[in-house]
Amino acid sequence: VANQTPLLYMPREEFAEFAPMETDLLRWGGAIRLSEDDFVRFRLGAALEQMEQLTMDADALPTGGAQFCADYARDLLARR
């Protein structure tokens, strides 16, 4: 997302983070959801063609996660 690199992904509804992740990927606009069958059979042609038409919004999602984690760790250590 931070590098504006298109992404193919497979649904993983059994993971707790899947729903919010997919919501953000859709908001960003640079991801295409593959069916499990297409993923398993490595049928990527249509999805790869769709990727050429994607319009990604670089500002749709925050990309400062590393800085957030560093600040959080620093704040925790400062409390010692």
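Keep in mind that this is a model prediction, so the values were computed, not measured. Atom set for the values below is all heavy atoms of this structure, side chains included, hydrogens, waters and symmetry mates excluded.
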S.K.: Determine, using the 4.5 Å side-chain heavy-atom cutoff (strictly less than), whether Met21 and Met56 are members of one ILVMFWY cluster.
M.R.: yes

S.K.: Using the rule that two of Ile, Leu, Val, Met, Phe, Trp, Tyr join whenever any of their side-chain heavy atoms come within less than 4.5 Å, decide whether Val40 and Tyr9 are in one cluster.
M.R.: no

S.K.: Taking the side chain as every heavy atom from C-beta outward, state whether Asp38 and Leu44 have any atom pair closer than 4.5 Å.
M.R.: no

S.K.: Rounded to the nearest 0.5 Å, how far apart are CZ of Arg80 and CG of Leu77?
M.R.: 6.0 Å

S.K.: Do the side chains of Asp57 and Arg27 get nearer than 4.5 Å, heavy atoms only?
M.R.: no

S.K.: Is it possible for you to say whether Leu7 and Leu54 belong to one hydrophobic cluster, with membership spreading through side-chain heavy-atom contacts below 4.5 Å?
M.R.: no

S.K.: Nearest 0.5 Å, please: how far is CZ in Arg12 from CE in Met10?
M.R.: 5.0 Å

S.K.: Nearest 0.5 Å, please: how far is CG in Leu76 from CG in Asp71?
M.R.: 11.0 Å

S.K.: Out of curiosity, Arg74 CZ to Cys69 SG, how far, rounded to the nearest 0.5 Å?
M.R.: 12.5 Å

S.K.: Could you check whether atom CD of Glu36 has more than 12 heavy atoms from other residues, nucleotides or ligands sitting under 6.0 Å from it?
M.R.: no

S.K.: Answer yes or no: is there a donor N or O on one side and an acceptor on the other, between the side chain of Asn3 and the main chain of Thr5, under 3.5 Å?
M.R.: no

S.K.: Are Phe18 and Leu34 joined in one hydrophobic group, where the rule is that I, L, V, M, F, W and Y side chains link up if heavy atoms are under 4.5 Å apart?
M.R.: no

S.K.: Using the rule given for side-chain contact (heavy atoms from CB on, under 4.5 Å), can you reason through Met51 versus Leu8, listing the C-alpha separation, both sets of side-chain angles and the distance that settles it, and then say yes or no?
M.R.: CA-CA 9 Å; Met51 289 179 100; Leu8 296 177; 3.7 Å; yes

S.K.: Show the numbers, then the answer: is there a side-chain contact (heavy atoms from CB on, under 4.5 Å) between Trp28 and Gln4?
M.R.: CA-CA 9 Å; Trp28 167 54; Gln4 297 299 296; 3.2 Å; yes

